[in-house]
Amino acid sequence: MPLNFHLFPSITAGLAMIQPEMIKRCATLLLASLLMIGLAGCSSEAETETGPSIADVVLPDLDGKPQSFQQYAGKTLVVNLWATWCAPCVKEMPALQRLSEALDPARFVVVGVNVDQQAEPVKGFLVEHGISFPQLSDAKMAFASDTLGVNVYPYTLIVDPQGMVQQRILGPREWDDPDYYQDLLALD
């Protein structure tokens, strides 16, 4: 049964006060919000967008010592951008740890790039959750935002042995599921 607004004078009066331009703006914001929510975690496909090269990128580790991705030359990298304040990031960290343990260290490296502003809480989180794969810091989000254009987390890059980004993956994944990572990393 359709709703008859004439039975509700206060609703009818309120609707009459809304300007068409305001309705357009609200609809646009709602549509954009729904699109971002959908992109943030519902996509199960990886984007295949090559580049840029991250081989020469230098970021500090959690102790402030500069580290270059060049140290991993010749290996395929799984670079996960994450934060302790990001619930999906926190949830996928144990699976990334299991992935790092399952992969051949002569061919693959899992690297975390944390975007928290302070290193000490990150260190505590890593110890508490038994996360031991290499971690770098991007406290100012310059690498994430300026270099990669990333502002939603978690965000993972698959980087080839020459340092070129081969795939971009938005949202959490089942990193410890061999059916997922075997195909993603094209393992023999």
Side-chain angles (χ1 to χ4, degrees), residues 40-63 65-116 119 121-139 141 143-144 147-150 152-188:
C42 295
S43 173
S44 63
E45 297 298 316
E47 293 179 37
T48 53
E49 178 185 324
T50 60
S53 172
I54 66 166
D56 295 327
V57 171
V58 176
L59 292 171
D61 62 19
L62 295 177
D63 292 322
K65 296 176 185 154
Q67 303 290 325
S68 171
F69 282 107
Q70 188 62 42
Q71 68 185 310
Y72 304 116
K75 298 180 181 183
T76 298
L77 303 180
V78 178
V79 179
N80 181 262
L81 288 84
W82 71 285
T84 59
W85 44 261
C86 164
C89 300
V90 168
K91 184 177 178 184
E92 82 172 345
M93 271 291 132
L96 282 162
Q97 177 63 36
R98 290 187 292 273
L99 174 68
S100 74
E101 294 167 359
L103 294 174
D104 176 3
R107 296 176 52 209
F108 300 94
V109 179
V110 176
V111 179
V113 176
N114 182 273
V115 296
D116 285 46
V122 177
K123 290 179 183 181
F125 172 87
L126 296 170
V127 169
E128 180 181 335
H129 292 89
I131 308 300
S132 62
F133 59 88
Q135 296 290 324
L136 303 175
S137 176
D138 186 23
M141 297 185 195
F143 174 63
T147 302
L148 300 171
V150 172
V152 178
Y153 305 99
Y155 200 97
T156 305
L157 307 172
I158 305 301
V159 181
D160 71 17
Q162 292 74 41
M164 292 295 293
V165 173
Q166 295 299 313
Q167 294 183 52
R168 296 169 169 253
I169 303 164
L170 176 62
R173 296 294 185 264
E174 298 297 327
W175 293 108
D176 53 351
D177 179 352
D179 290 336
Y180 179 69
Y181 73 77
Q182 292 279 342
D183 290 338
L184 182 70
L185 299 175
L187 299 177
D188 299 328

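Counting begins at 1 with the first residue of the sequence.
Taking a 6.0 Å sphere around CD of Gln71, one finds it holds more than 12 heavy atoms contributed by other residues, nucleotides or ligands. Summarising the local packing, NZ of Lys91 is surrounded by 12 or fewer heavy atoms from other residues, nucleotides or ligands at distances under 6.0 Å.
Side-chain atoms of Asp138 come within 3.5 Å of backbone N or O of Phe143 as a donor-acceptor pair. Under the 3.5 Å distance criterion, the side-chain polar atoms of Asp177 are matched with a main-chain donor or acceptor of Asp179.
At a threshold of 4.5 Å between non-hydrogen side-chain atoms, the residues Phe125 and Asn114 do not count as touching. You'll find the side chain of Asn80 stays beyond 4.5 Å of the side chain of Val110, heavy atoms only. With a 4.5 Å cut-off on side-chain heavy atoms, Leu62 and Leu126 count as touching. Side-chain contact between Pro52 and Leu148 is present, with at least one heavy-atom pair separated by less than 4.5 Å. Within the 4.5 Å cutoff, side-chain heavy atoms of Asp56 are placed close to those of Gln70. Within the 4.5 Å cutoff, no side-chain heavy atoms of Phe133 are placed close to those of Leu99. Residues Trp175 and Thr156 form a side-chain contact, since some pair of their non-hydrogen atoms from C-beta on lies under 4.5 Å apart. Between Leu77 and Leu157, every side-chain heavy-atom pair lies at or beyond the 4.5 Å cut-off.
Phe69 and Ile54 make their closest contact through CB-O, 3.3 Å (heavy atoms, listed as atom of the first residue, atom of the second, distance). Taking each heavy atom of Glu92 and Arg173 in turn, the nearest pair found is OE1-N, 3.0 Å. When all heavy atoms are compared, the tightest approach of Gln135 to Val113 is OE1-N, 4.4 Å. Considering all non-hydrogen atoms of both residues, Met141 and Tyr153 come closest at SD-OH, 3.7 Å. Minimum interatomic distance between Trp82 and Gly112 (heavy atoms only, all atoms of both residues): NE1-CA, 4.1 Å. Minimum interatomic distance between Pro154 and Pro88 (heavy atoms only, all atoms of both residues): CD-CB, 3.8 Å.
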Working for side-chain contact (heavy atoms from CB on, under 4.5 Å), residues Ile158 and Tyr181: CA-CA 11 Å; Ile158 305 301; Tyr181 73 77; over 6 Å; no
Exercise. For side-chain contact (heavy atoms from CB on, under 4.5 Å), just list the numbers for Val78 and Leu185, CA-CA rounded to whole Å, side-chain angles, deciding distance to a tenth of an Å, and then say yes or no.
Key: CA-CA 9 Å; Val78 178; Leu185 299 175; 4.1 Å; yes
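Taken to the nearest 0.5 Å, the CG atom of Leu96 stands 13.0 Å off from the NE2 atom of His129. To the nearest 0.5 Å, the span separating NZ on Lys123 from CG on Asp116 amounts to 13.0 Å.
By the side chain to side chain donor-acceptor pair (under 3.5 Å) test, Glu101 pairs with Gln97, sequence neighbours left out.
Side chains of Gln166 and Asp160: a donor on one and an acceptor on the other come within 3.5 Å.
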